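Okay, structure first, notes after.
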Amino acid sequence: QVCAQLCRRPCYCPWVPPRCPRGSPLVLDGCGCCKICARRLGEPCDFLHVCDQSQGLVCDYSTAPAGTGATCNFEDSEEGCEVNGRVYRDGEVFQPSCKLQCRCLDGGFTCVPLCQEDVRLPTPDCPYPRRVEVPGKCCPEWICEARDQHLLRDAAAVSPLLPYPCQEWGTEWSACSATCGVGFSTRVSNQNRYCRLETQRRLCMARPCPALPAAFPA
């Protein structure tokens, strides 16, 4: 009955199919007539505007208040996460790059670096160690640099044009470790002098802790 009311025959579709955002494939609409962009996790949907079934999404009306539309959700109501336009199931492990392995967990994701984060100190036989990208290899490797090259590199490092000589990549800051008062949050980022992935920390405070009652000593 719904199909008969919403779907016209024969089909009349645009000559040029729509350009979809990254991670949203072209699919047939609910009438099986025209190509449309599949809706992604959390986006509105209805009979015509279908969800991306390749990601296990269905049009979920259960959480929609009366008189409002539905949204795309996982069929088994599990939480997932979307990274770079792709949806991952809760508990799924994936690699956004060869240097990082991530795991989808409770709507977010946590990542660990796959490359070693070792630090090489200067030695008599290698006074200026430096990590460099090696063609054909994912993880950077340590090399020994001559003194004149080392001085030239330090001069270029203080240039105000580029704070870091690499494209920024990193995860979001995690939730604060303390529910009240000062705690810390962490992230994985390559924004450092050597452009290598490392775990960074910063202080945070979700809210001040409540004051103790006056009857109790500090």
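Computed from a prediction, not measured in an experiment: that's the story for all the values here.
For the atom pair OG (S185) and CZ (R201), the distance works out to 10.0 Å, reported to the nearest 0.5 Å. Atom CG in L28 sits 8.5 Å away from atom SG in C13 (nearest 0.5 Å). Taken from CD1 in I143 to SG in C126, the straight-line distance is 8.5 Å, to the nearest 0.5 Å. Distance check, rounded to the nearest 0.5 Å: CD of Q95 to SG of C111 gives 10.5 Å. Expressed to the nearest 0.5 Å, how far CD of E43 lies from OG1 of T71 amounts to 10.0 Å. Between the CD atom of E172 and the OG1 atom of T186 there is a distance of 12.0 Å, given to the nearest 0.5 Å.
By the neighbour-count criterion of 12 heavy atoms within 6.0 Å, atom CD of Q53 is sparsely surrounded, having that number or fewer from other residues, nucleotides or ligands.
For the side chain to side chain donor-acceptor pair (under 3.5 Å) test, residues two or more places apart in sequence or in another chain that qualify with E141 are K137.
Among all heavy-atom pairs drawn from D52 and P25, the shortest one is OD2-CD, 3.4 Å. Counting all heavy atoms, side chain and backbone alike, R131 lies closest to P140 at NH2-O, 3.6 Å.
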Item to check | Worked verdict on C37 versus C20 for disulfide bond (SG atoms under 2.5 Å apart) | outcome: CA-CA 5 Å; C37 299; C20 300; 2.1 Å; yes
Item to check | Stepwise side chain to side chain contact (heavy atoms under 4.5 Å, CB included) check, C31 with F47 | outcome: CA-CA 8 Å; C31 296; F47 177 79; 4.2 Å; yes
Next on the checklist: Using disulfide bond (SG atoms under 2.5 Å apart), reason through C11 and C34 one step at a time and then give a plain yes or no.
Outcome noted: CA-CA 7 Å; C11 292; C34 300; 5.5 Å; no
Item to check | Derivation of the disulfide bond (SG atoms under 2.5 Å apart) call for C98 and C139 | outcome: CA-CA 8 Å; C98 62; C139 297; over 6 Å; no
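Between K99 and P113, every side-chain heavy-atom pair lies at or beyond the 4.5 Å cut-off. Residues R89 and C104 are not in side-chain contact: their nearest non-hydrogen atoms beyond the backbone lie 4.5 Å or more apart. At a threshold of 4.5 Å between non-hydrogen side-chain atoms, the residues R40 and P21 count as touching. Looking at C102 and P96, their side chains come closer than 4.5 Å, going by heavy atoms from C-beta outward. Between L41 and N73 there is a side-chain heavy-atom pair separated by less than 4.5 Å.
Distance alone, capped at 3.5 Å, is enough to place a donor-acceptor pair between the T171 side chain and the V188 backbone. R187 places no side-chain N or O within donor-acceptor distance of the main-chain N or O of Q200, the cut-off being under 3.5 Å.
The hydrophobic cluster containing V27, built from Ile/Leu/Val/Met/Phe/Trp/Tyr side-chain heavy atoms closer than 4.5 Å, also comprises I36, V50.
The SG atoms of C59 and C51 lie 2.5 Å or more from each other.
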